[in-house]
Amino acid sequence: MRLNEMLFVTLRETPAEAEIPSHQLLLRAGYIRRIGSGIYAYMPLMWRVLQKVSQIVREEMNATGAQECLLPQLQPSQLWQESGRWDTYTKAEGIMFSLTDRSDRELGLGPTHEEVITTIARETIRSYRQLPLNLYQIQTKFRDEIRPRFGLMRGREFIMKDAYSFHADEASLKRTYQAMDQAYRNIMTRCGLKFRPVDADSGAIGGSGSQEFMILAEAGEDEILYTEDGNYAANTEKAVSLPPDLEDSPFSSYEKLATPETETIAKLAEVVKCSPTVIVKNVLYEVLYDNGMTVLVLINIRGDRDVNEVKLTNELTKLAPQYKGKTIISLTVPDAAAQKKWAAKDLPLGYIAPDLDDDYIVASKTVAKNFLRLVDRTVVDAKNFVTGANEVGYHVVGANWGDNFTLPELQVDIQEAKAGDRAIHDPRQILSSARGIEAGHIFQLGTKYSEAMGANFTNEQGKTEPLWMGCYGVGVSRMAQAAVEQSHDKDGIIWPVAIAPYHVVVIVPNISDAEKMAAGEKLYQEFQQAGVEVLFDDRKERAGVKFKDSELVGIPYRVVTGRSLSEGKVEVVKRATKESQDLPIEEVVATIKQWIEQDLLSKE
RNA sequence: CGGGAUGUAGCGCAGCUUGGUAGCGCACUGCUUUCGGGAAGCAGGGGGCGAAGGUUCAAAUCCUUUCAUCCCGACCA
């Protein structure tokens with residue numbers, strides 16, 4: 001491609017809207033343009049990058065025997081009502097754009113495609129003989145994100161590869177899950193990315209096991225906890241750990257103490273002179289289920305630990321049937337306004353005890369009359385602990401379960417693991433923290449959707465059974481930006497060769513120099529004939545502008561028909577290292593072609 | 001949804017306090033010189049200040065409403 005004929009606009013200054021390097025660089029180098037919040041146009045160079053990423057994804061998927069297809073983005077609400085996700089996706093998480101057509105039919109713009117694919121499966125899969133199957137597509141997804149951010153990192157419209165597999169039994173599902181795990185590792189590696197697979201929460205997609213592929217970068221939205229031995233890595237949302245040991249309580253007898261102005265754990269620990277680990281913290285949450293039922297949740301957890309709301313949400317979802325609900329609409333710490341709706345009297349905030357009386361709640365048809373009491377495992381064995389006295393300005397010390405408070409029956413793990421905690425698999429290993437960008441996520445769905453939607457097959461024994469399913473996603477556009485986040489310098493982008501929009505840029509420093517222009521033109525033709533993806537900078541610009549642009553845009557190899565031309569040589573510069581050398585003009589094409597081939601091979 | 005901030009030319013910004021009819025840098029157009037690290041000079045073109053309403057002789061500037069965008073938080077009392 002000749003730059004002179006291309007829509008090629010770079011910016012000298014960073015647009016104010018961009019915060020992180022990858023977003024700034026993609027805008028400055030002219031790869032993307034913002035059209036609305038979380039909505040971007042992919043310009044010609046970006047589209048080439050996205051197609052390269054897609055092609056790598058496609059090759060790795062095909063290699064596992066998966067088949068590519070294309071599913072509709074416009075999806076009837078009926079399908080989502082069958083799976084039970086219409087309400088959660090349009091109301092609770094509010095992540096699905098929904099619309100009504102001229103005949104008053106409700107439709108959603110596909111944020112994901114389990115419903116569609118399951119419909120197809122139930123209509124077409126009859127027998128175990130057709131299994132296993134794995135169907136995938138690469139397509140634009142729509143999600144009404146709460147807060148779109150960082151350019152392509154979290155957009156409301158983005159490109160995703162999603163795959164869905166169907167199986168006769170769990171063992172077959174696990175085999176495909178393993179194959180996908182390997183395919184995803186291959187994809188990330190081939191794209192030149194540093195990544196880490198981690199245990200993950202399944203979220204609203206549901207199902208049992210799931211794993212995320214995190215691209216390591218400081219700007220990542222997720223925190224990863226891992227051990228140096230390589231045997232454990234998990235998203236903080238999901239991570240389990242052994243907290244630091246309990247310290248001995250300085251109290252041996254039960255006593256009520258005046259502790260004015262000790263609403264926070266830090267202040268309390270200072271005033272009563274004890275470690276936060278001997279404090280039992282009591283946290284109040286308010287959960288709203290999909291049937292309109294509000295339940296107040298009282299959690300007892302160790303003073304030095306925080307509640308992991310993802311874990312809590314999972315526990316509360318399990319308990320939903322108890323309140324005749326199916327899913328959670330919202331989970332909040334009730335503020336003063338929220339408390340007014342159900343509190344019979346002022347709560348002793350900051351001084352709540354595990355036995356906070358249920359008469360604080362004004363029960364009604366929509367508010368459960370008792371607190372849902374959950375105790376985190378961190379305080380089940382607490383001895384002589386410190387906790388609130390249900391009276392502003394007072395705490396109790398030397399308390400024990402059984403003697404002073406009833407240990408709640410529901411014992412759960414809802415503490416948030418932190419860097420520095422010990423690992424469960426080997427307590428000698430300490431968890432370290434890193435930040436990552438979630439680029440891929442694979443799930444073992446099990447029979448959740450097939451059961452809900454009646455997608456059955458006949459097994460070898462002639463029995464009707466629900467299909468086992470898995471689903472597997474890759475954020476294609478997110479991965480492309482993540483690559484920039486991971487690979488850039490002060491001058492611009494440094495694309496991994498495998499996903500660079502072009503491999504070589506031929507620069508003529510001054511197009512009015514006929515000899516240099518002719519040499520550039522000849523090289524451009526030769527690169528093309530050799531099948532090398534080449535850009536030709538034949539613009540009427542000064543040399544400095546062309547050099548700056550080539551670095552900003554991040555083309556891996558630069559060839560300059562410049563000063564050394566008189567000796568029959570051209571300058572070749574590697575973008576990543578800025579390493580420069582003069583090569584005889586007749587050897588350049590073959591040499592660079594070989595470098596590119598090596599670059600691509602070494603990643604496979 | 002809450003909090004913070006910002007909307008003035010394609011991009012980055014000034015001007016608003018103290019109303020007087022829009023400006024700077026980059027980019028863009030033409031010419032001259034320059035020509036391997038975002039050139040210099042000269043001459044140009046483009047916006048009516050996010051939108052709507054109001055106050056006023058007069059509004060980017062003051063008031064009201066509204067829309068959009070960005071950032072932080074979605075949290076333990």
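A quick note: this is a predicted structure, and the numbers were derived from the prediction, not measured. Per chain, numbering begins at 1; letters A, B, ... match sequence-line order.
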On RNA chain B, more 5' by nearest nucleotide between A:Asn510 and A:Glu416 is A:Asn510

Reading RNA chain B from 5' onward, which residue's closest nucleotide shows up sooner: A:Leu284 or A:Gly544? A:Gly544

Distance between [atom1] atoms of [N] and [M] (Å, rounded):
N: B:A27; M: B:G46; atom1: C1'; result: 12 Å
N: B:G3; M: B:U64; atom1: C1'; result: 23 Å
N: B:U8; M: B:C13; atom1: P; result: 10 Å
N: B:G20; M: B:G10; atom1: C1'; result: 30 Å

Which nucleotide sits closest to the side chain of A:Val283: B:C76, B:G73, B:C35? B:C76

Testing B:C71, B:C70, B:A39 for proximity to the side chain of A:Glu17, the answer is B:C70

Watson-Crick or G-U wobble partner for [N], using a 3.5 Å limit on both distances?
N: B:G30; result: B:C42
N: B:C35; result: none
N: B:C1; result: B:G73
N: B:G20; result: B:C57
N: B:U66; result: B:G50

Just how far is it from atom CH2 of A:Trp86 to atom OG of A:Ser98, taken to the nearest 0.5 Å? 5.0 Å

Is [X] touching bases, backbone alone, or none of the nucleic acid, heavy atoms closer than 4.0 Å?
X: A:Ile301; result: nothing
X: A:Pro15; result: sugar-phosphate
X: A:Thr10; result: base
X: A:Ala18; result: nothing
X: A:Asp549; result: base
X: A:Arg28; result: base

If I compare all heavy atoms of A:Ile215 with all of A:Ala482, which pair ends up nearest, and what's the gap? CD1-CB, 3.6 Å

If the plane angle is over 60° it's perpendicular, under 30° parallel, otherwise tilted; pick one for A:Phe385 and A:Trp401. tilted

Would you kindly check whether a donor in the side chain of A:Arg34 faces an acceptor in the base of B:U69, or vice versa, at under 3.5 angstrom? no

Look at the side chain of A:Arg558 and the base of B:G37, then say whether one donor and one acceptor between them are separated by less than 3.5 Å. yes

